[in-house]
S.K.: 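For reference, the structure I am asking about is given below.
The chains referred to below are lettered A, B, ... by the order of the sequence lines, with proteins before strands, and numbering in each begins at 1.
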There are 2 protein chains.
Amino acid sequence: MTSSVAQLKRSCEQCALSCFCLARDLLGSERTRFASVVKRRRILKPGDNLFIAGDRFHALYILHTGAAKSYLISESGEQQVTGFHMPGELIGIDGLSDHVHAYCVEMLETSSVCELPMPELDRMIATSRALRHRFLSLIAKALIDEQQMLLTLGKLNAEQRLAQFLLNMSQRHATLGGSESEFNLSMSRYDIASYLGLVVETVSRMIRRFQEEGVIEVEKRWVHIIKEENLRQRLAEAAERSLAQANKKRVMSSSA
Amino acid sequence: MTSSVAQLKRSCEQCALSCFCLARDLLGSERTRFASVVKRRRILKPGDNLFIAGDRFHALYILHTGAAKSYLISESGEQQVTGFHMPGELIGIDGLSDHVHAYCVEMLETSSVCELPMPELDRMIATSRALRHRFLSLIAKALIDEQQMLLTLGKLNAEQRLAQFLLNMSQRHATLGGSESEFNLSMSRYDIASYLGLVVETVSRMIRRFQEEGVIEVEKRWVHIIKEENLRQRLAEAAERSLAQANKKRVMSSSA
DNA sequence: CGTACGCTTGACTTGGTTCAATCCTGGTGG
DNA sequence: CCACCAGGATTGAACCAAGTCAAGCGTACG
């Protein structure tokens with residue numbers, strides 16, 4: 001037991017991820033203390049659930065390696081993917097509201113996850129200003145990302161949703177030190193479709209369209225973004241129609 | 001100055017809202033201390049912005065009376081309404097991530113708003129366990145609500161989106177002590193449409209459909225929900241098709 | 001008074017879904 | 001070792017829910 005804790009301390013202090021995760025802003029002694037909050041590393045296989053909706057909440061998690069998705073089951077029994085998680089990200093915040101998890105988290109790859117029991121984490125949030133601020137910052141970031149996603153689902157067409165998704169994945173891979181233009185997707189087309197509020201056929205067709213136009217290259221789950229700026233352009237293009245219309249109106253009223 | 005602070009203390013302790021807002025779980029001395037964190041009450045008129053995207057973040061807000069909407073502006077210049085706020089709700093959490101607000105908040109009615117400067121609030125979060133937990137709970141609740149909205153935009157059709165919206169509004173009005181079946185909407189049809197990822201014409205048509213079927217009664221922004229259970233039913237009905245299909249498959253494979 | 005805006009309604013169009021067929025790949029069992 | 005099968009992915013054709021366009025009504029407000 002003791003040795004495993006010691007090992008965890010070492011792993012937290014030497015962890016390459018610590019410049020991204022909740023521990024990012026912690027210095028010397030605080031980081032050591034944080035390491036002692038980490039209870040253990042769980043190893044999970046693809047398809048395993050870290051938790052499901054209705055599970056009692058007792059700890060937060062940081063994804064250490066691998067990838068995961070979170071999803072809700074609608075009243076009519078359909079799965080809606082609400083997010084993908086990459087190393088360094090905080091998982092399980094949904095349980096803070098009433099100590100029961102509101103959604104499900106399932107691994108997409110073999111992953112290791114750091115478990116942070118809430119009582120200990122809470123104590124450290126109270127006493128470490130740096131950790132508290134980092135913690136709130138990560139939660140707020142999650143909130144902002146979801147808002148962005150509301151915009152994606154509310155305003156963008158299928159092509160733009162896929163463009164947005166690819167750019168987002170690219171950027172997150174880059175943040176973790178990977179290539180910005182070449183990476184592997186860890187989720188299925190079905191997951192992508194659900195996440196983007198589309199059906200799998202539409203996702204497939206949009207990928208083909210991008211390939212035919214030479215914007216990306218795709219081989220199964222491997223993606224190569226050839227013209228990033230082209231993808232960005234498409235996101236702004238919803239304006240054209242509505243702007244053109246607004247201009248038309250302006251012209252009409254000024255000529256009248 | 002002093003007298004105004006005193007007045008605020010009184011108002012926090014006697015505020016009818018305190019059984020809903022951030023101060024809910026605070027007892028005697030802590031509630032008094034919380035009252036001293038509240039800097040002032042700002043009064044805003046319909047159309048006024050509490051803050052807009054890009055504004056520097058320095059305080060959180062609790063809506064005291066009135067109503068507000070939050071929205072994002074997409075890259076192509078369109079407005080996407082991401083939420084509606086009612087009394088007691090915490091506003092401005094988005095600024096915690098990098099001290100700049102990510103979205104805009106605009107009043108829908110003449111409203112009063114309690115301002116909680118972040119440095120003072122942060123100190124109290126660190127020291128009051130009750131406040132800290134209530135704070136995290138409210139943030140997590142916001143996150144869960146947004147996830148639910150992702151499901152709405154990703155999986156529900158126009159009719160179901162409106163049903164969901166009406167039930168949600170009804171429930172929130174009831175929580176604040178109003179009628180569950182009769183209330184006034186504070187937002188325009190345009191805001192509702194944007195929020196639900198629809199166009200205003202579709203919202204108008206769905207309202208008409210519900211009225212023709214005797215499920216609701218609407219007069220301008222006043223709503224009377226006649227058959228709540230009917231609205232609920234519709235939310236589960238997406239299943240029919242997919243469940244029917246799943247059953248068909250099961251029959252096929254068992255007969256084969 | 002008029003005009004601009006919120007809202008409604010009808011006719012038409014279309015982007016994305018649905019349905020159906022096929023291909024590919026990895027895993028399982030004979 | 002190969003045959004077989006299930007599940008992921010792709011593709012084409014037909015369809016429809018929601019968007020677009022256009023017109024009109026009521027009313028709040030300068």
Side-chain angles (χ1 to χ4, degrees), chain A residues 45-47 78-79 81 108 152-162 184-194 196-212 218-223 234 237-238 240-246 248-250 252-254 256, chain B residues 45-47 69 78-79 81 108 152-163 184-194 196-212 218-223 234 237-238 240-246 248-250 252-254 256:
Chain A
K45 291 202 292 287
E78 297 165 295
Q79 183 180 107
V81 173
L108 297 170
T152 298
L153 294 180
K155 289 273 184 296
L156 304 190
N157 62 27
E159 188 182 277
Q160 295 174 314
R161 292 182 198 193
L162 186 66
N184 266 290
L185 297 173
S186 40
M187 67 294 288
S188 72
R189 301 281 193 270
Y190 286 88
D191 287 335
I192 298 174
S194 172
L196 298 177
L198 303 169
V199 294
V200 69
E201 293 94 328
T202 305
V203 170
S204 191
R205 279 187 255 271
M206 293 303 140
I207 289 177
R208 178 156 59 112
R209 184 186 292 181
F210 283 157
Q211 283 198 95
E212 284 169 358
V218 177
E219 177 65 33
K220 308 195 72 186
R221 293 188 177 183
W222 173 87
V223 178
R234 288 169 200 257
E237 273 172 15
E240 280 183 15
R241 198 170 243 167
S242 51
L243 274 184
Q245 202 185 329
K248 202 174 69 181
K249 278 189 183 172
R250 216 173 301 149
M252 281 170 68
S253 58
S254 67
Chain B
K45 290 201 292 288
K69 66 171 174 181
E78 297 164 294
Q79 183 180 109
V81 173
L108 297 170
T152 298
L153 294 181
K155 288 273 182 297
L156 303 192
N157 62 28
E159 189 183 276
Q160 295 173 314
R161 292 182 198 192
L162 186 65
N184 265 290
L185 298 173
S186 40
M187 68 293 287
S188 72
R189 301 282 193 269
Y190 285 88
D191 288 334
I192 298 174
S194 172
L196 298 177
L198 303 169
V199 293
V200 70
E201 292 94 329
T202 304
V203 170
S204 191
R205 278 188 258 271
M206 292 302 141
I207 289 177
R208 179 156 57 111
R209 183 186 293 181
F210 283 158
Q211 284 198 96
E212 283 168 358
V218 176
E219 177 64 35
K220 308 196 76 185
R221 293 188 176 185
W222 173 86
V223 178
R234 289 169 199 257
E237 274 172 14
E240 281 182 18
R241 197 170 242 168
S242 50
L243 273 185
Q245 203 185 328
K248 202 175 67 180
K249 278 188 184 175
R250 217 172 300 151
M252 282 169 67
S253 58
S254 66

S.K.: Establish, with yes or no, whether the OP1 or OP2 oxygen of D:dG12 is under 4.0 angstrom from a side-chain nitrogen or oxygen of A:R208.
M.R.: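 Checking A:R208 against D:dG12: at least one side-chain N or O falls below 4.0 Å of OP1 or OP2.
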S.K.: Whole-Å distance between C:dG15 P and A:K155 NZ?
M.R.: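 Roughly 18 Å, once rounded to whole Å.
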S.K.: Search all heavy atoms of A:S194 against all heavy atoms of A:V81 and return the closest pair with its distance.
M.R.: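 Shortest heavy-atom contact: OG-N, 2.8 Å.
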S.K.: Check the distance between D:dT11's C1' and A:E212's CD and give it to me in whole angstrom.
M.R.: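 Result: 11 Å.
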S.K.: Whole angstroms only, please: what is the CG-P distance between A:L162 and C:dG15?
M.R.: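 Value for this atom pair: 17 Å.
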S.K.: Under 3.5 Å, which donor-acceptor pairs link side chains of residues 185-193 of chain B to any protein atom two or more places apart or in another chain?
M.R.:
from: B:S188; atom 1: OG; to: B:Y190; atom 2: N; distance (Å): 3.2
from: B:S188; atom 1: OG; to: B:D191; atom 2: N; distance (Å): 3.1
from: B:R189; atom 1: NH1; to: B:K220; atom 2: O; distance (Å): 3.4
from: B:R189; atom 1: NH2; to: B:K220; atom 2: O; distance (Å): 2.9
from: B:D191; atom 1: OD1; to: B:K69; atom 2: NZ; distance (Å): 2.8

S.K.: Mind grabbing the angle between the end helix axes of the helix from C:dC1-D:dG30 to C:dG30-D:dC1? Five pairs an end, 10° rounding.
M.R.: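 Rounded value for the end-axis angle: 40°.
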S.K.: Does any non-hydrogen side-chain atom of B:Q160 lie less than 4.5 Å from one of B:T152?
M.R.: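 SC-SC contact between B:T152 and B:Q160 ruled out.
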S.K.: Can you check whether A:K220 has a side-chain N or O nearer than 4.0 Å to OP1 or OP2 of D:dT10?
M.R.: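 Checking D:dT10 against A:K220, no side-chain N or O comes under 4.0 Å of OP1 or OP2.
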S.K.: Round to the nearest Å and state the distance from A:L196 atom CG to C:dG16 atom C1'.
M.R.: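 Between C1' of C:dG16 and CG of A:L196: 13 Å.
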S.K.: Report the distance from atom CG of B:L153 to atom P of D:dG19, rounded to the nearest whole Å.
M.R.: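 Between P of D:dG19 and CG of B:L153: 12 Å.
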S.K.: Output one line per pair: protein atom, nucleotide atom from nucleotides 23-26 of chain D, and distance, for all N/O pairs under 3.5 Å.
M.R.:
none

S.K.: Would you kindly give the CZ-to-C1' distance between A:R161 and C:dT17, to the nearest whole Å?
M.R.: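 Nearest whole value for this atom pair: 13 Å.
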S.K.: Scan residues 199-206 of chain A against DNA chain D and write down, sorted by residue number, each residue with any heavy atom closer than 4.0 Å; if none is found, say none.
M.R.: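 A:E201, A:S204, A:R205, in order of number.
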S.K.: Rounding to a whole Å, what distance do you find between A:R209:CZ and D:dT10:P?
M.R.: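 Answer to the nearest Å: 15 Å.
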S.K.: How long is the gap from CD on B:E78 to CG on A:L156, to the nearest 0.5 Å?
M.R.: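 Answer rounded to 0.5 Å: 8.5 Å.
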S.K.: Would you give me the side-chain donor-acceptor pairs under 3.5 Å for residues 199-212 of chain A, sequence neighbours excluded?
M.R.:
from: A:R209; atom 1: NH1; to: A:E159; atom 2: OE1; distance (Å): 2.6
from: A:Q211; atom 1: OE1; to: A:V218; atom 2: N; distance (Å): 3.1

S.K.: In terms of the nearest nucleotide of DNA chain C, which residue is placed more toward the 5' end: A:E219 or A:L198?
M.R.: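 Upstream on the strand: A:L198.
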S.K.: Indicate the atoms forming the closest heavy-atom contact of B:R161 with B:L198, along with that distance.
M.R.: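 Answer, listing the atom of B:R161 first, then B:L198: NH1-CD2, 4.0 Å.
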S.K.: May I have the distance from B:D191 (atom CG) to C:dG6 (atom P), rounded to whole angstrom?
M.R.: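 After rounding, the gap between these two atoms is 9 Å.
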S.K.: What pairs of nitrogen or oxygen atoms, one from the protein and one from nucleotides 6-8 of chain D, lie under 3.5 Å apart?
M.R.:
none

